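What follows is a short report on a single structure.
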Amino acid sequence: MTENFYITTAISYPNGPPHIGHAYEAIAADVIARFQRLSGRNVRFQTGTDEHGLKMAQKAEELGVTPAQLANEMSAQFIAMCDSLNISYDRFIRTSEEDHHRASQAIWQAMVDKGDMYLDRYEGWYSVRDEAFYNEDELIEGVGSEGQSVKLSPQGTAVEWTAEESWFFRLSKYQDRLIALYTQNPSFIAPESRRNEVMKFVEGGLRDLSVSRTSFDWGVKVPGSPEHVMYVWVDALTNYLTGLGYPDPSDDMANYWPANVHLIGKDITRFHAVYWPAFLMSADIALPKQVFAHGFLLNKGEKMSKSAGNVVAPLQLAEDYGVDSLRYFLMREVIFGNDGSFSAETIVNIVNADLANSFGNLAQRTLSMLFKNCDGKLLWPLQQAEADIALESKIASACASELPQEFAAMRFSQGIEAWLRAVNACNQYVDEQAPWALKKTDPERMHVVLVTVYRCLRYLALAISPVVPASATHLLEQLGVATDQRNFAAFDDENWYANIAQSDYLVAKPVAIFPRQEVVQAKDNS
Ligand code: MSP
């Protein structure tokens, strides 16, 4: 039976255009989704925008538009970003949508029915930037714009004293169950460093959570309390259920819930690993299998912010260097889970070295020689020498075993390294076998060597296709691999080559798949 796999990204605040951090998360989730599809799973992939809350309301006011207008304009840019970056989402959810309001009210009602909601007065610190409440002892001392001492959130954002009537969720009641969850299911939060942080936070004691606001009305109405809107994180987290049709029973709910992984950035771990499972426990809904928190992308080592003027527009990078180049760079260069730095120079260096020189050249020179010197024909039957068989088994093990194992464990850069070693082994083989020299001395042997590399290219292209889908597809087309053969199960099909070699397929004059890049000076954001 085919397994199902549900992956979600965080939904982004559309209070401004998307930046490279948003692109990074979408790309990583897409690599996972494509990898799982190649592995034979039925994948459901959701991303979207988180449109409510004070941050959106304040930004809209500042711009002189309504929050709905701001959300419409900006979410269109997030959708455009996903489409340009080849993100294969099934649903792009917007929390302003009607079905989402209904789902949020349903989970709210379930928490009320459990006896977990009560009305009280909230007094405490709130950061609009983070849309988060903080305890006094979590705050740090900072310096304000006029040199005065101010209180800041642990994320370094401004906090303001808030006092209003509010609904509360009995978070404290779930402390023991949460600790049991992290202990009994150690992979619920990954990576390990994030799990330790969350454990410490929860062990330190949980206070009940203020979950509604009355000072503004841009949000989901609280059932039975029309003057209250839900705290934005209550409705935001519920998006993961809305997309499957909650609260109505549906095939999607049955097939895809609980989610396999909520992919998020490390700054929002607490919401996903503490609040969300507690809400779900309260509403008697199964818990997601994993919350994976990736690291932050830094611009040449510096945190990006609008005030520092170093926010990078992802589409510009994709336009300058190509979508697949950007995707490859991000997955190869950043150890998944850690922070990573990027610059135009490193993108260009890595992409030129790995994709243009190593992989692209290998494909280009092999296919060119097959086209020119062998009339594009493959050999059948194929009689390989020991060196050919040894190379193939090395490539098969990297592409059908090492890379999939690493990717399944979210170790993308390690998986790509295994793949790159395979690419280099092929290049070394070509250099050693020197088919250009065999052309005169032993053309038949030349043909075997070229076909051996052709066969390796199919492994290499399939394995890397989640990372560079457009280029890999292009190469698989050049190799004549049928669409229904573009999956990992095809690695076990012993007849794949016989079928192509015995068909009327001919290698055509190849088109380079990875052009060399140069740093685009004028558009570099440095
Ligand atoms: N709206 C909330 C998430 C709600 S999920 C139920 C939010 N939005 S956000 O727009 O601020 O961030 C969206 C995602 O982008 C988060 O996972 C966040 O961690 C991630 N990133 C934001 N800046 C980032 C970098 N500089 N680098 C990598 N990821 C970053 O939080």
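First listed ligand is number 1; within each ligand, the first listed atom is number 1. In this text, all values refer to a predicted model and were calculated from it rather than measured experimentally. Computed over heavy atoms, backbone and side chain alike; hydrogens, waters and symmetry mates excluded. If you read the sequence from its start, that first residue is 1, and numbering goes on from there.
Nearest approach of H52 to E131, heavy atoms of both residues: O-OE2, 4.3 Å.
Taking distance alone, with nitrogen or oxygen atoms compared against 3.5 Å, Y13 approaches ligand 1 more closely than that limit. At under 3.5 Å, a nitrogen or oxygen of G265, whether backbone or side chain, sits near a nitrogen or oxygen of ligand 1. At least one N/O-N/O distance between D50 and ligand 1 falls below 3.5 Å.
Counting heavy atoms under 4.0 Å from ligand 1, residue E131 does not touch it at all. If you look at L297 next to ligand 1, the close heavy atoms, those under 4.0 Å, come from the backbone and the side chain alike. If you look at F271 next to ligand 1, there are no close heavy atoms at all, none under 4.0 Å.
A cation-pi arrangement, defined by a distance under 6.0 Å to the six-membered ring centre and an angle within 45 degrees of its axis, is present between R213 and Y126.
Just one residue in the list W233, Y231, W125 forms a ring pair (Phe, Tyr, Trp, His ring centres under 6.0 Å) with F133, and that residue is Y231.
Checked against the 6.0 Å centroid threshold, F336 and F292 count as a close aromatic pair.
For W233, the closest heavy-atom approach to ligand 1 falls below 4.0 Å. A heavy-atom separation below 4.0 Å is found between G295 and ligand 1.
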